[in-house]
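To start, the structure itself, in C-alpha cells.
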Number of protein chains: 2
Amino acid sequence: MSTFEKELKNVKSCSSEFILAVNDTLNVLNGKWKLPIIGTLLFGKKRFREMERCIPNITARMLSKELKELELNGMVKRTVYDTIPVCIEYELTKSGKSLTLVLDSMAVWGLRHRKIAMTSEKA
Amino acid sequence: MSTFEKELKNVKSCSSEFILAVNDTLNVLNGKWKLPIIGTLLFGKKRFREMERCIPNITARMLSKELKELELNGMVKRTVYDTIPVCIEYELTKSGKSLTLVLDSMAVWGLRHRKIAMTSEKA
DNA sequence: CCGAATCCGTGGGGATACTG
DNA sequence: CAGTATCCCCACGGATTCGG
C-alpha cells in the first residue's frame with residue numbers, strides 16, 4: 001500500500017475531513033486568476049510585467065492581489081533583486097509545483113467530461 | 001503508455017487548453033455547496049430533505065439551486081416517484097462518480113499542504 | 001415534502017489613475 | 001518596472017414567503 005493510498009484511506013474514513021481537505025485545495029485555486037497565474041509559472045520564473053503580458057485581460061491590480069494571496073498560501077516565492085530599476089521574480093514553491101498532480105487529474109477529467117457532454121451521454 | 005497518460009500528453013501540448021480543461025472542472029465544483037452536496041451523494045441516493053439535514057447550514061433555496069446546476073452539468077440524476085406525497089431522489093451520474101478520482105487527489109494534496117503550512121516549511 | 005419566487009446585502013473583481 | 005488607491009457594478013448567496 002503506497003503512502004498516497006494510506007493517506008487517502010485516512011481521509012475517507014471521516015467524510016467531513018475529506019470535504020475540508022478538498023476545500024483547502026479549492027480555496028488555493030479559487031478566483032478567476034489563480035489558475036492562469038500558476039499555469040504561466042509552471043514553465044519557470046517570471047517577472048511581473050512578463051506575467052501581465054502572458055495572461056490575457058488580467059489587470060495589474062488583480063495580478064498583484066492574486067500573487068500576494070498565492071505567496072501567503074505558500075504557493076509562490078517572490079524574490080527581489082537590488083538592481084536599478086528593481087527586478088522582481090516570481091516562481092512556484094515546492095507546494096506550488098506539487099499542485100501539478102492535482103491539476104493534471106482535473107485537466108483529464110475536464111476533457112473527458114466535455115467529450116461526454118458533447119455527445120450528450122449525460123447519464 | 002496508459003490512456004490517462006496519452007490524454008494528459010495531448011492536453012499539456014497546448015497550455016491554454018490545459019487551463020481551459022482545468023477550469024471546466026473547477027466550474028463544476030465552484031460555489032459554496034457543490035462539494036458538500038457531491039460528498040453526501042457519494043454514499044448513495046438521497047432525498048431532498050435528507051440532504052438538507054446532512055449538510056450543515058444549507059438552505060432549501062441553495063440546495064435546490066445547486067442541485068439544478070449539477071443536474072444541468074450532468075453530475076446528478078433526479079428521479080421522481082409518483083407517490084403521495086411525491087418522493088424525489090437524487091444520485092450521482094457516471095460523470096459525477098468519476099469526479100471522485102479528482103476529489104481524492106485534491107484531498108490528499110490539501111492534507112499534505114496543511115501539514116506543510118503548519119510546520120511553516122513554506123518553501 | 002419539495003421546491004419556486006422575491007427581496008436584498010456583501011464582496012469579488014473590473015476600470016482608471018497615481019506612486020516610488 | 002512593479003505595484004497602490006479609488007470607485008463601482010453585479011453575481012453569489014442568505015432570509016423569507018408562497019405553491020403543488
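Just the heavy atoms: all of them, side chains too, but no hydrogens, waters or symmetry mates, feed the values below. In the text below, chain A, chain B and the rest are named by the order of the sequence lines, each starting its count at 1.
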- request: Figure out the CG/C1' separation between L63(A) and dG3(D), and round it to whole Å.
  value: 9 Å
query: Between M51(A) and I37(A), is a side-chain contact (heavy atoms from CB on, under 4.5 Å) present by the stated rule, with each step listed?
result: CA-CA 8 Å; M51(A) 301 182 66; I37(A) 290 174; 3.6 Å; yes
Per S64(A) side chain, nearest of listed nucleotides dT4(D), dC1(C), dG3(C): dT4(D)
task: Could you check how far CG of L67(B) sits from P of dC1(C), rounded to whole Å?
output: 16 Å
Side-chain N,O (Y90(A)) to OP1/OP2 (dG3(D)) below 4.0 Å: yes
- prompt: Is any side-chain nitrogen or oxygen of K65(A) closer than 4.0 Å to OP1 or OP2 of dG3(D)?
  reply: no
- prompt: Over how many whole Å does the gap from Y81(A) atom OH to dC1(D) atom C1' extend?
  reply: 16 Å
query: Which of these nucleotides, dC2(C), dG3(D), dC1(D), is closest to any side-chain atom of R78(B)?
result: dC2(C)
message: Is the phosphate of dC1(C) approached by R49(B) (side-chain N or O, under 4.0 Å from OP1 or OP2)?
response: yes
- prompt: Does any N or O donor sit under 3.5 Å from an N or O acceptor when you compare the side chain of R61(A) with the base of dG14(C)?
  reply: yes
- request: Answer yes or no: is there an ion pair linking E69(A) with K34(A), defined by an N-O contact shorter than 4.0 Å?
  value: yes
field: Protein-nucleotide distance (M62(A), atom CE; dG12(C), atom C1'), rounded to Å
entry: 7 Å
query: Applying the 4.5 Å side-chain criterion to the ILVMFWY set and letting contacts propagate, would V108(B) and L20(A) be lumped into a single cluster?
result: no
message: By nearest heavy atom, map V86(A) and N57(A) onto DNA chain C; which one lands nearer the 5' end?
response: N57(A)
message: The side chain of K32(B) is closest to which nucleotide in this list: dG14(D), dG3(D), dG13(C)?
response: dG14(D)
message: In whole Å, I'd like the distance from the CG atom of N27(B) to the C1' atom of dC12(D).
response: 14 Å
Considering all heavy atoms, the nearest V22(A)-A107(B) contact: CG2-CB, 3.8 Å
- line: Between CZ of F48(A) and C1' of dA2(D) the distance, given in whole Å, is 6 Å
statement: Testing dC1(C), dA2(D), dA4(C) for proximity to the side chain of K68(B), the answer is dA4(C)
query: Within this structure, what is the CD-to-C1' distance between E66(A) and dG14(C), rounded to whole angstrom?
result: 13 Å
query: Would you say T59(B) reaches dA15(D)'s phosphate, i.e. side-chain N/O to OP1/OP2 under 4.0 Å?
result: no
message: I need the CG-C1' distance between L29(B) and dC12(D), as an integer number of Å.
response: 17 Å
- prompt: Salt-bridged, R49(A) to E52(A), with N to O below 4.0 Å?
  reply: yes
